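Read through the structure below, which is laid out as structure tokens, and then see the notes.
Note that this is a predicted model, so its numbers are computed, not measured.
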Amino acid sequence: LTHAHYRTTPSDLQRLLDSPNLSVAVLHDHDGRVAAVNLLAQEGRLPPELCEAMVDGRTRIRGQALADTLVCHTGHPEAGPWPMVRSVRIATHPALRRSGLGARLARHAHDHHHPELFGTLFGATPELLRFRRAQGYRLVRLGASRGSRTGEPSAVMVRPVTPRAEALVDQLRIVLARDLPLQLALLDGDGELPLDPGLVGALGHDLPPRTPWALPDALHAARGYAFGPRPLEAAASALVHLRHTLGPIGASEAEQALVDARLLQHRSWAGLTRDQGWSSVRVAMRAMRRIWRTAIGQL
């Protein structure tokens with residue numbers, strides 16, 4: 001695991017030993033040495049009332065990254081009670097990579113666990129996206145920020161098992177196809193270097209055709225940001241649709257300038273904070289949410 005990812009630390013061993021929902025599948029070589037591992041997390045099975053509190057922003061949970069993403073960031077509390085399995089990380093010994101061991105471990109997980117869906121979250125690269133797609137996973141969400149060390153956005157991929165999980169994945173991919181161009185523009189503006197064109201192409205691979213926003217759907221997504229835990233970037237295209245529909249947003253020129261700088265000009269948070277005189281990025285982010293909360297509350 002340490003060879004496979006720079007963020008693996010000794011504290012991960014403590015989590016492996018203490019967390020009741022974690023397990024490790026291991027492939028050994030003929031001499032009994034560990035050749036590859038798949039770290040798995042059992043997630044979901046959340047009470048419906050907890051899921052409603054999560055989607056409203058009244059509470060968050062730890063140790064369930066996939067369930068938290070589906071409930072809070074995509075706004076689907078109905079998915080929280082479903083049993084799901086997250087592949088936290090697949091790692092192969094450096095001398096044995098590209099020999100199909102990771103794929104064998106993925107198939108083993110699919111054969112021996114029976115949830116509603118499998119999922120995984122990782123720093124997006126073309127190679128990892130191709131690997132997961134080959135195992136039946138589909139991209140359903142892109143993270144709101146770039147990794148501080150790698151500059152890669154996070155990707156959420158899901159392998160549905162049941163018909164209702166399949167329907168959810170189809171719905172999420174329709175939304176992603178509509179959101180992705182703006183999300184990529186915002187991510188590009190936030191980084192010191194542009195996103196790798198190969199990664200951009202890999203993220204957009206095999207998405208359904210883009211469809212226009214319907215006003216009720218845009219308002220639902222915008223409310224998830226204004227009154228809930230959804231990041232602005234996850235609702236950005238809905239907010240842009242409302243900005244064009246409703247006209248200028250904000251009670252003052254400064255507020256209107258903040259909205260337009262981020263959503264229409266794709267300025268980075270750091271850049272617009274500096275140029276517009278906000279005291280910090282956090283203050284500017286809070287102001288943005290407050291502006292939209294007021295605007296949506298008046299509708």
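Within 6.0 Å of the CZ atom in Arg282, the count of heavy atoms belonging to other residues, nucleotides or ligands does not exceed 12. Enclosure of atom CD in Glu49 by more than 12 non-hydrogen atoms of other residues, nucleotides or ligands within 6.0 angstrom is indicated.
In this structure a side-chain-to-backbone donor-acceptor pair under 3.5 Å is present from Arg97 to Thr92. Not a single donor-acceptor pair under 3.5 Å links the side chain of Tyr137 to the backbone N or O of Gly119. Formation of a donor-acceptor pair under 3.5 Å by the Glu43 side chain with backbone atoms of Ala67 is found in this model. Using a distance-only test at 3.5 Å, with no hydrogens or angles considered, a donor-acceptor pair links the side chain of Asp29 to the main chain of Asp31. Panel note: side chain Asp188, backbone Leu195; a donor-acceptor pair is recorded below 3.5 Å. Thr120 places a side-chain N or O within donor-acceptor distance of the main-chain N or O of Ser87, the cut-off being under 3.5 Å. Using a distance-only test at 3.5 Å, with no hydrogens or angles considered, no donor-acceptor pair links the side chain of Glu255 to the main chain of Ile249. Between the side chain of His205 and the backbone N or O of Gly201 there is no donor-acceptor pair closer than 3.5 Å. Looking at Arg159, its side chain does come within 3.5 Å of a backbone N or O of Gln135 through a donor-acceptor pair. Listed for the Arg262 side chain is a donor-acceptor partner under 3.5 Å among the backbone atoms of Arg267.
Between Val71 and Leu50, every side-chain heavy-atom pair lies at or beyond the 4.5 Å cut-off. Between Leu129 and Leu199, some side-chain heavy-atom pair lies under the 4.5 Å cut-off. The closest side-chain heavy-atom distance from Gln183 to Leu176 is below 4.5 Å. When side chains are defined from C-beta on, Leu186 does not count as touching Trp269, because their heavy atoms never get closer than 4.5 Å. Looking at heavy atoms from C-beta onward, Arg243 lies out of side-chain contact with Leu263 at the 4.5 angstrom threshold. Pro231 places a side-chain heavy atom less than 4.5 Å from the side chain of His73. Leu139 is listed as a side-chain neighbour of Met157, based on a closest heavy-atom distance under 4.5 Å. Leu232 places none of its side-chain heavy atoms less than 4.5 Å from the side chain of Arg289.
Shown here for Ala177 and Pro208, the closest heavy-atom pair between the two residues is CB-O, 3.3 Å. Minimum interatomic distance between Pro212 and Arg178 (heavy atoms only, all atoms of both residues): O-NH1, 3.4 Å. The shortest non-hydrogen separation linking Pro126 to Asp196 is CG-OD2, 4.3 Å. Gln256 approaches Gly250 most closely through the heavy-atom pair NE2-O, 3.4 Å. Here the shortest heavy-atom pairing between Ala257 and Gln276 reads O-NE2, 3.2 Å. Across every non-hydrogen atom of Gly75 and Pro77, the tightest pair is O-CD, 3.3 Å.
A distance of 11.5 Å separates CZ in Phe118 from CG in Leu66, rounded to the nearest 0.5 Å. The structure places CG of Asp275 at 8.5 Å from OG of Ser268, a figure rounded to the nearest 0.5 Å. Atom-to-atom distance recorded for Asp260:CG and Glu253:CD is 11.5 Å, nearest 0.5 angstrom. Distance check: His266 NE2 to Leu187 CG gives 11.5 Å after rounding to the nearest 0.5 Å. Rounded to the nearest 0.5 Å, atoms CG (Leu17) and CG (Leu22) are 10.0 Å apart.
Screening Leu40, Val158, Leu121 for a side-chain contact (heavy atoms from CB on, under 4.5 Å) with Arg86, the sole residue that qualifies is Leu121.
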**OP:** Determine, step by step, whether Leu39 and Leu16 satisfy the side-chain contact (heavy atoms from CB on, under 4.5 Å) criterion, reporting the C-alpha distance in whole Å, the side-chain angles of both residues, the deciding distance to 0.1 Å, and the verdict.
**Re:** CA-CA 9 Å; Leu39 176 58; Leu16 279 171; 3.1 Å; yes
**OP:** Give the intermediate values and the outcome of salt bridge (Lys or Arg N to Asp or Glu O under 4.0 Å) for residues Asp12 and Arg15.
**Re:** CA-CA 5 Å; Asp12 289 322; Arg15 279 189 285 274; 2.4 Å; yes
Subject >> Full working for side-chain contact (heavy atoms from CB on, under 4.5 Å) between Glu116 and Leu168 >> reply: CA-CA 11 Å; Glu116 295 268 355; Leu168 175 62; over 6 Å; no
Original post:
Passes side-chain contact (heavy atoms from CB on, under 4.5 Å), Arg132 versus Leu128? Steps please.
Top reply: CA-CA 6 Å; Arg132 287 296 182 177; Leu128 286 175; 5.6 Å; no
**OP:** Run the numbers on Arg146 and Asp190 for salt bridge (Lys or Arg N to Asp or Glu O under 4.0 Å), then give the verdict.
**Re:** CA-CA 8 Å; Arg146 299 170 68 162; Asp190 282 339; over 6 Å; no
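Using a 4.0 Å cut-off between charged nitrogen and carboxylate oxygen, Arg138 and Glu166 count as a salt-bridge pair.
At a threshold of 4.5 Å between side-chain heavy atoms, the hydrophobic network of Ile, Leu, Val, Met, Phe, Trp and Tyr places Val156 and Val200 in two separate groups. Under a hydrophobic clustering in which Ile, Leu, Val, Met, Phe, Trp and Tyr are joined whenever their side-chain heavy atoms come within less than 4.5 Å, directly or via other members, Leu1 and Val34 fall into the same cluster.
Ring planes of His241 and Trp213: tilted class, angle from 30 to 60°.
Applying the salt bridge (charged side-chain N to carboxylate O under 4.0 Å, His left out) rule to Arg58 yields the partners Asp56; only residues at least two apart in sequence or on another chain are considered. Remark: Ser154 engages no residue in a side chain to side chain contact (heavy atoms under 4.5 Å, CB included) (not counting sequence neighbours). Applying the side chain to side chain contact (heavy atoms under 4.5 Å, CB included) rule to His112 yields the partners His108; only residues at least two apart in sequence or on another chain are considered.
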